[in-house]
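Before any comments, here is the structure.
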Amino acid sequence: MLKGSTLKVLDVRLLQRLTELSCQQITARKYTNGIQRSYITFSDFRNKNRSYTKKELVGYSMQDMYNVVSDVSNYHKFVPYVNKSNVHSKDTLGFKADLIVGFPPLNEAYTSRVTLEAPSLVKSECHDGRLFNYLLNEWRFSPGLKDIPNSCVLDFRVAFEFKSLLHSNIANLFFDLICDQMESAFILEVRRRSGPPSIRSHVLTSQRS
């Protein structure tokens, strides 16, 4: 983790870059094939809250998806930016998990409460992070196409609030990329475990704020 004078220099460079971006008149939102595409606007740099939601039809069963997303103890093996994942304090509703997530120049160690409802829900919440006040990762799975049982609709949601506006602005520069990479990693892991999908995935809705 960067700290001290090195972090101060980095902060100055990042703020300069953010100022450049805020001066560009970037279109706030566009719609392509019925899907909302979001872009950076000046208001993004004054907001410590971030959220991302996506609904997608995939060619795997609810159980296939649930098995991978609930396998938190192995996140460090297949989820980008997760350097450590340790599960403990198990009970009938789920467990707690200690994770270290790193994406330059930030690293965060935190404990999440993971709630499980097989095979329809995996929800992870943290309220004591050092970089953020709140972090939510939520996966919901529902039946897919009636004539293709090996399919499901996944609803993926990420929401968090940074303690620092600076850290929020840093994350803003690559937030969409991280979310896409993380979701894709789970799909790839399901494919590795269960084989090719029964159908091609279709994004139904996608929104960032």
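Values below: every heavy atom of this structure, side chains too, minus hydrogens, waters and symmetry copies.
When the ring-ring contact (aromatic ring centres under 6.0 Å, His included) test is applied to Phe95, no partner is found at least two apart in sequence or on another chain. Take Ser70 and apply the side chain to side chain contact (heavy atoms under 4.5 Å, CB included) test, not counting sequence neighbours, and it matches Tyr66, Leu116, Val122. Under the salt bridge (Lys or Arg N to Asp or Glu O under 4.0 Å) criterion, Lys55 pairs with Asp155, sequence neighbours left out. Considering only residues two or more places apart in sequence or on other chains, Asn150 meets the side-chain hydrogen bond (donor to acceptor under 3.5 Å, both in side chains) condition with none of them. Listed by chain and number, the residues in a side-chain hydrogen bond (donor to acceptor under 3.5 Å, both in side chains) with Glu117 amount to none (sequence neighbours excluded). Residues passing the side-chain hydrogen bond (donor to acceptor under 3.5 Å, both in side chains) test with Ser198, sequence neighbours excluded: none. The ring-ring contact (aromatic ring centres under 6.0 Å, His included) search around His127 returns Tyr134, not counting sequence neighbours. In this view, Arg157 satisfies the side-chain hydrogen bond (donor to acceptor under 3.5 Å, both in side chains) rule with no residue, not counting sequence neighbours.
Side-chain N or O atoms of Ser85 include one that pairs as donor or acceptor with a backbone N or O of His76 at under 3.5 Å.
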Could you go through the side-chain contact (heavy atoms from CB on, under 4.5 Å) check for Glu183 and Lys54 one step at a time?
CA-CA 10 Å; Glu183 187 200 5; Lys54 187 175 185 179; 3.0 Å; yes
Steps toward side-chain contact (heavy atoms from CB on, under 4.5 Å) verdict (Lys123, Leu136):
CA-CA 7 Å; Lys123 182 169 68 173; Leu136 168 71; 3.6 Å; yes
What verdict does the side-chain contact (heavy atoms from CB on, under 4.5 Å) test give for Val101 and Tyr110, after you've listed the backbone C-alpha separation in whole Å, the side-chain angles of each residue and the deciding distance to 0.1 Å?
CA-CA 8 Å; Val101 178; Tyr110 62 91; 3.6 Å; yes
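Between the side chains of Tyr52 and Asp180, a donor-acceptor pair is found at a separation under 3.5 Å.
A distance of 8.5 Å separates OG of Ser209 from CG of Asn49, quoted to the nearest 0.5 Å. The distance from atom OG of Ser151 to atom NZ of Lys146, rounded to the nearest 0.5 Å, is 12.0 Å. Between atom OG of residue Ser184 and atom CD1 of residue Ile187 there is a gap of 7.5 Å, rounded to the nearest 0.5 Å. Atom CD of Glu125 sits about 15.0 Å away from atom CZ of Phe160, to the nearest 0.5 Å. Here Leu145 contributes atom CG and Ile199 contributes atom CD1; the two are 4.5 Å apart, rounded to the nearest 0.5 Å.
The salt bridge (Lys or Arg N to Asp or Glu O under 4.0 Å) analysis of residues 70-85, with sequence neighbours excluded, yields the pairs Asp71-Arg193. Identified under the salt bridge (Lys or Arg N to Asp or Glu O under 4.0 Å) test for residues 134-144, with sequence neighbours left out: Glu138-Arg140.
Proximity of Leu121 to Phe141: side-chain heavy atoms (C-beta onward) are nowhere separated by under 4.5 Å. Contact of the Val79 side chain with the Met182 side chain is registered, since non-hydrogen atoms from C-beta on lie closer than 4.5 Å.
In this structure, Phe156 has its ring center no closer than 6.0 Å to that of Phe186.
The shortest non-hydrogen separation linking Ala185 to Pro80 is CB-CD, 3.4 Å.
Hydrophobic clustering, defined by side-chain heavy atoms of Ile, Leu, Val, Met, Phe, Trp and Tyr closer than 4.5 Å, leaves Leu188 isolated from every other such residue.
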Contacts under 3.5 angstrom, residues 87-94 side chains, donor-acceptor by atom type, not counting sequence neighbours:
unit_1: His88; atom_1: NE2; unit_2: Asp98; atom_2: OD1; d: 3.3
unit_1: His88; atom_1: NE2; unit_2: Asp98; atom_2: OD2; d: 3.1
unit_1: Asp91; atom_1: OD1; unit_2: Leu93; atom_2: N; d: 2.8
unit_1: Asp91; atom_1: OD1; unit_2: Gly94; atom_2: N; d: 2.9
unit_1: Asp91; atom_1: OD1; unit_2: Arg113; atom_2: NH2; d: 2.9
unit_1: Asp91; atom_1: OD2; unit_2: Arg113; atom_2: NH1; d: 3.1
unit_1: Asp91; atom_1: OD2; unit_2: Arg113; atom_2: NH2; d: 3.1

